[in-house]
Amino acid sequence: MKAAVVHKFGQPLVIESRPIPEPGPGQVTVRMIASGLCHTDIHAAHGDWPVKPTPPFVPGHEGVGTVHAIGPGVSSLSIGDMVATPWLGYACGECRHCLTGWETLCLKQRNSGYSVDGCYAEYYLAEAAFASKVPDGVNPFDAAPLTCAGVTTYKAVKVGNVRPADLVAISGIGGLGHLALQYAKIFGGTVAAIDITDEKLQLAKELGADIVIDARTEDPAAVLQSHGGADVAVGLAVDDKSFAAAYAGLRRGGRLVLVALPSEGTLSIPVFNTVLNGTSVIGSIVGTRADLADVFALHALGRTKVIYETRPLTEVNESIDEVLHGKARARIVLEP
Ligand code: NAD
Ligand code: ZN
Ligand code: ZN
């Protein structure tokens with residue numbers, strides 16, 4: 001099978017031929033139809049984070065495809081089922097986090113395209129329990145971005161406890177942000193969308209943003225404060241400055257949800273103001289299988305719109321450049 005492989009951090013991925021993985025007990029092999037390009041895959045390929053993957057590895061964790069082969073002991077899936085293969089490739093199911101609905105915090109978790117080979121390939125080896133069924137009527141190219149960008153931002157909006165009439169700032173209208181905006185509206189919020197390209201700000205308007213803020217020419221904190229301050233801000237831009245601006249744009253009692261992961265990202269906050277203003281700063285990591293089921297259900301009901309462009313897997317390096325230069329419309333979905 002064809003796979004896109006990282007051999008050295010910061011170097012172009014290499015398209016190479018690998019054997020099709022055989023499923024072991026509890027596993028399935030999935031024939032990939034669509035594989036979203038999340039900015040996390042770029043961080044992985046660049047070795048941006050303190051905990052690094054080990055080259056050679058195959059990135060990708062927004063995979064959607066059909067079950068091709070089934071290992072011993074798997075009864076939840078059949079050949080031909082359409083499934084999504086997310087970042088959370090495995091969690092133990094037994095620890096305190098797993099037992100309390102926080103499998104995304106499991107210390108024994110395995111992550112697709114990071115600690116195990118991912119979905120930038122024609123076939124992907126999944127743990128059957130973590131391959132989520134895609135409902136009928138949800139097309140695989142919509143389902144792929146929902147599998148990380150969707151579930152992550154749905155969870156972030158829940159973690160931010162968005163309530164009707166809240167002003168919600170979405171900082172960064174990329175793959176994640178264009179969906180975050182829609183979930184914030186579904187939860188009843190008024191949305192202020194912040195970005196640094198004309199195309200993304202235009203897209204935000206088309207998707208129903210109530211306020212758009214161009215961080216190149218406006219001070220996002222000042223604009224948010226002119227509207228009374230944000231109740232919730234979701235940080236999705238790969239830029240430390242954007243976190244500081246979102247923090248400064250909060251109303252008293254506001255919640256800043258950190259999601260983006262810039263290399264060596266830091267946010268320095270004044271303790272006095274944080275205490276006096278009753279501000280919360282919360283980290284949010286992807287979402288659970290139950291969150292993903294909600295995301296697919298909302299999409300099947302026609303309540304979200306996924307904006308994507310497709311590229312062949314062989315154009316993965318050009319596609320990464322497009323994302324880094326802000327040229328991709330919202331999400332690029334690779335076709336293995
Ligand atoms: P993306 O490149 O598609 O989107 C980023 C957007 O931010 C772009 O539209 C860009 O124009 C905009 N931007 C850049 N600088 C800005 C600024 N100063 N102010 C406002 N907007 C700005 O990336 P993505 O795939 O949406 O991922 C975003 C980040 O989220 C990445 O760091 C990724 O690793 C991270 N991520 C985290 C989780 C999690 O579970 N916490 C899950 C998925 C992705
Ligand atoms: Zn666990
Ligand atoms: Zn992702």
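Just follow the structure's listing: the first ligand is 1, and inside any ligand the first atom is 1.
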Which atom of [X] lies closest to which atom of [Y], heavy atoms considered:
X: Asp240; Y: Gly265; answer: OD1-CA, 3.3 Å
X: Val134; Y: Val83; answer: CG2-C, 3.7 Å
X: Val6; Y: Ala45; answer: CG2-CB, 3.8 Å
X: Ala144; Y: Val333; answer: CB-CG1, 4.3 Å
X: Leu13; Y: Pro59; answer: CD2-CG, 3.8 Å

* Polar-atom distance check: Val286 versus ligand 1, any N or O pair below 3.5 Å? ->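 Right, the criterion is met.
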* To do: Could you say whether the N/O atoms of Cys148 and ligand 1 ever approach to under 3.5 Å?
  =>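 No; every N/O pair is 3.5 Å or more apart.
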How far is [atom] from its nearest protein heavy atom, and which residue and atom is that?
atom: atom 15 (N) of ligand 1; value: Ile196 CD1, 3.5 Å
atom: atom 22 (C) of ligand 1; value: Ala237 CB, 3.3 Å
atom: atom 26 (O) of ligand 1; value: Leu176 N, 2.9 Å
atom: atom 32 (O) of ligand 1; value: His43 NE2, 2.8 Å
atom: atom 33 (C) of ligand 1; value: Thr40 OG1, 3.4 Å
atom: atom 25 (O) of ligand 1; value: Arg331 NH1, 2.7 Å
atom: atom 9 (O) of ligand 1; value: Asp195 OD2, 2.8 Å
atom: atom 30 (O) of ligand 1; value: Ala260 CA, 3.4 Å

* Asked: Would you say Lys200 contacts ligand 1, with heavy atoms under 4.0 Å as the rule?
  ->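 Heavy atoms of Lys200 do come under 4.0 Å of ligand 1.
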For ligand 1, indicate whether the residue [X] contacts it via side chain, backbone, both or neither (heavy-atom separation under 4.0 Å).
X: Asp239; value: side chain
X: Ser284; value: backbone
X: Leu236; value: backbone
X: His39; value: both
X: Thr152; value: side chain
X: Trp49; value: side chain

Any salt bridge between [X] and [Y], counting N to O under 4.0 Å?
X: Glu199; Y: Arg329; result: no
X: Lys185; Y: Asp210; result: yes
X: Asp117; Y: Arg18; result: yes
X: Glu322; Y: Arg311; result: yes

* To do: Going by heavy-atom distance to atom 19 (N) of ligand 1, choose the closest among Gly172, Ala156, Gly287, Ser242.
  =>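 It is Ser242 that holds the nearest heavy atom.
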Number the atoms of ligand 1 from 1 as they appear, then name those within less than 4.0 Å of a heavy atom of [X], with their elements.
X: Ile173; answer: 9 (O)
X: Gly175; answer: 3 (O), 26 (O)
X: Cys38; answer: 43 (C), 44 (C)
X: Val323; answer: 2 (O)

* Under 30°, 30 to 60°, or over 60°: which ring-plane class applies to Tyr183 and Tyr154, parallel, tilted or perpendicular? ->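 Aromatic pair Tyr183/Tyr154 classed perpendicular.
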* To do: If the plane angle is over 60° it's perpendicular, under 30° parallel, otherwise tilted; pick one for His61 and Trp87.
  =>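 The arrangement is perpendicular - the two ring planes meet at more than 60°.
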* Asked: Under 4.5 Å between any side-chain heavy atoms of Leu203 and Ile307, yes or no?
  ->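 The answer is yes, as the side chains (C-beta and beyond) meet within the 4.5 Å cut-off.
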* **Separation of Asp291 CG from Arg289 CZ (nearest 0.5 Å)** =>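 Rounded to the nearest 0.5 Å, the CZ-CG separation comes to 11.0 Å.
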* Asked: CG/Leu236 to OG/Ser171 distance, rounded to the nearest 0.5 angstrom?
  ->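 Nearest 0.5 Å value for the CG-OG distance: 7.0 Å.
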* **Backbone or side-chain N/O/S of His97 under 2.8 Å of the Zn ion (ligand 2)** =>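 Here the distance criterion (N, O or S atom, under 2.8 Å) is not met by His97, so no.
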* To do: Mind reading off the angle at the Zn ion (ligand 3) between the NE2 atom of His61 and the SG atom of Cys38, rounded to 10°?
  =>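 That angle works out to 110° after rounding to 10°.
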* Asked: Does any donor atom in the side chain of Thr40 or Tyr114 lie under 3.5 Å from an acceptor atom in the other side chain?
  ->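 Their side chains do not contain a donor-acceptor pair, so the 3.5 Å distance test is not met.
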* To do: Could you tell me whether any N, O or S atom belonging to Cys148 is less than 2.8 Å from the Zn ion (ligand 3)?
  =>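 It does; at least one qualifying atom falls short of 2.8 Å.
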* Please state the angle at the Zn ion (ligand 2) spanned by SG of Cys98 and SG of Cys92: what is it, rounded to 10 degrees? ->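 Nearest ten degrees: 110°.
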